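Every value quoted in this text rests on a predicted model; they were computed, and no experiment measured them. Order of the sequence lines fixes the chain letters, A, B, ..., with proteins taken first and strands second; residue numbering starts at 1 for each chain. Basis for what follows: all heavy atoms, side chains included, without hydrogens, waters or symmetry-related copies.
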Number of protein chains: 2
Amino acid sequence: MIKFILCSNNIVDNNYSNTEIKILDAAKSLFLKKGYSATTTRDIARESDINLAMLNYYFRSKRRLFEIIMFETLYEFLSKMVEVYNDEKTSLEQKLKLCSEKYIDMIIAEPLLPTFVLNELKNNPTSFLKMPTTKMIMKSNFVAQYQEGVKKGIYRKVDPIHFVTNVLSVIVFPFMCSPIIMKIENLSKKDFNIMMTERKKLIPAWIIQMIKK
Amino acid sequence: MIKFILCSNNIVDNNYSNTEIKILDAAKSLFLKKGYSATTTRDIARESDINLAMLNYYFRSKRRLFEIIMFETLYEFLSKMVEVYNDEKTSLEQKLKLCSEKYIDMIIAEPLLPTFVLNELKNNPTSFLKMPTTKMIMKSNFVAQYQEGVKKGIYRKVDPIHFVTNVLSVIVFPFMCSPIIMKIENLSKKDFNIMMTERKKLIPAWIIQMIKK
DNA sequence: ATATGAATTAAACAAATGATTAATAAAAAA
DNA sequence: TTTTTTATTAATCATTTGTTTAATTCATAT
């Protein structure tokens, strides 16, 4: 049984001391903002207002601290996915609506997460290998419902991986382009979030049109 | 008039000496692979097989070298965009086909580019501000044709920024997820590229279904 | 109250890193 | 050829960075 927990806003049983939590919070914030290499241990010490030596005292090394944060962040991310995708009670169309709402809210709350995850994953794909929930998406109720629809002749047939990829693409990618979109459309951060909120309703409709015969 | 040119495979009039080109090639490759902070000047010197001091002799600082590469990379990326989007002879549907083909080929040739650009842009959005072609996409023939279609009642009406964002999302995002997709689908790099090549045909059809009434 | 272990601190270390220097080699100009 | 400019090299500098140490404070149990 894994005993992990990352940040102060998490609820799972938490063995971490105050100091550890301060370190983890600051480190997560900095790693997300600047990435692994650009974040120094002294940055983390300053931001969390602890003595530099405490980082190594509690977490042994910067690398190990990073890996704990990476694991927790990935786990949190994937858990929220699985939750929606495997709900037996909802239809495919409801799931589409639920997951775009949930993801968009989640990323508005933590906008640096997607770029961070995908970027650090590129440098170290093995950290993803360890995650249990990884393959669950393709075996989820969500995909099964799509394939049923194909059988019934309601939906067009494509490899489910394309279907899932498309859904995630139109949800997540715009956030990764936020600096570009904000620039070319002259949007404030607030305006941008309004635009993303609009998409909560639009995306399910687009996806349905995309697959419906 | 800007006189820039980055790498050996570029053709524009090139004032750079052999040594400079070796440095630029190695630096681009390393910056793309590892990002700015994780790349050291000694890495670049080793990879380009030049003396460490030559980097500062020719480019003054690591930061300045990076900015040259970033500018050139962005410029190259955006130029290819504008080319397709502003072609007066092609229809919207042809443009969709052309641009998904062109982008997918481009990213297959340089798969690290999207993550690199978006990641480094997050750290320094001003570098994008300097680019001239930035706002051209929204004023392109591509967008105009979509809006015409809306007027004619052929296409559903949404803010063009959503339309453009969606097109780019389904083209680019899958590449940024390549480690994930390869993992959950058990694909080799070759298999993955085949899958992306499939999408060249699929994407234009999806987008049309998405917007057509 | 005292002793024991855990938590915290300031200082220091060793390696890495961006940048510079001073000397030398090569190329171009005189 | 000689002079002058440009390119290249090895060595060095000053910081920065991850990590450790040794001393000190704090908390807890005896």
Participant: What is the separation between atom CZ on B:F59 and atom P on C:dT20, rounded to the nearest whole Å?
Facilitator: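 It works out to 15 Å between those atoms.
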Participant: Mind telling me whether A:Y146 and A:F163 have parallel, tilted or perpendicular rings, with 30° and 60° as the class edges?
Facilitator: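 If you compare the ring of A:F163 with that of A:Y146, the planes turn out parallel.
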Participant: Whole angstrom is fine here: how far is it from CG in A:N18 over to C1' in D:dA27?
Facilitator: 14 Å
Participant: For a quick check under 3.5 Å, do B:S188 and B:D191 share a side-chain donor-acceptor pair by atom type?
Facilitator: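 Yes.
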Participant: All N/O contacts under 3.5 Å from nucleotides 19-21 of chain D to the protein, with atom names and distances to one decimal?
Facilitator:
from   : atom 1 : to    : atom 2 : distance (Å)
D:dT19 : OP2    : A:K62 : N      : 2.7

Participant: Taking NZ, NE, NH1 and NH2 as the nitrogens, is one of them in B:K34 or B:E47 under 4.0 Å from a carboxylate oxygen of the other?
Facilitator: no
Participant: Expressed in angstrom and rounded to an integer, what is the separation of B:M54 atom CE from C:dA22 atom C1'?
Facilitator: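 My rounded result for the distance is 15 Å.
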Participant: Counting only side-chain nitrogens and oxygens, does A:T40 get under 4.0 Å of the OP1 or OP2 atom of D:dT16?
Facilitator: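 Result: no.
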Participant: Considering every strand and a 4.0 Å limit on heavy-atom distances, what is the contact class for A:S37: base, sugar-phosphate, or nothing?
Facilitator: nothing
Participant: Hey, is A:K102 close enough to A:E83 for a salt bridge, meaning N to O under 4.0 Å?
Facilitator: yes
Participant: Any N/O pairs under 3.5 Å between the protein and nucleotides 23-26 of chain C? List them or say none.
Facilitator:
none

Participant: Taking only the side-chain nitrogens and oxygens of B:Y58, find out if one of them lies under 4.0 Å from OP1 or OP2 of D:dT8.
Facilitator: yes
Participant: Please give, in whole Å, the distance from C:dT9 C1' to A:I23 CD1?
Facilitator: 13 Å
Participant: In terms of relative ring orientation, are A:F31 and A:Y36 parallel, tilted or perpendicular, with 30° and 60° separating the classes?
Facilitator: parallel
Participant: Take atom CD1 of A:I50 and atom C1' of C:dA6, then tell me their distance rounded to the nearest Å.
Facilitator: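 Taking atom C1' of C:dA6 as the reference, CD1 of A:I50 is at 16 Å.
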Participant: Is any NZ, NE, NH1 or NH2 atom of the basic residue among A:E76 and A:K28 found under 4.0 Å from an Asp or Glu carboxylate oxygen of the other?
Facilitator: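 Looking at A:E76 and A:K28, the cut-off is met.
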Participant: Under 4.0 Å between a side-chain nitrogen and a carboxylate oxygen: does that hold for A:D43 and A:R46?
Facilitator: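 Answer for the salt bridge query: yes.
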Participant: Closer than 4.0 angstrom, basic N to acidic O: yes or no for B:E93 and B:K97?
Facilitator: no
Participant: Can you tell me how far C1' of D:dA7 sits from CG of B:N15, to the nearest Å?
Facilitator: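 The answer, rounded to whole Å, is 17 Å.
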Participant: Mind telling me whether A:Y85 and A:Y103 have parallel, tilted or perpendicular rings, with 30° and 60° as the class edges?
Facilitator: perpendicular
Participant: For the pair made of CD1 in A:I44 and P in D:dT16, what is the distance, rounded to whole Å?
Facilitator: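 So the CD1-P distance, A:I44 to D:dT16, works out to 17 Å.
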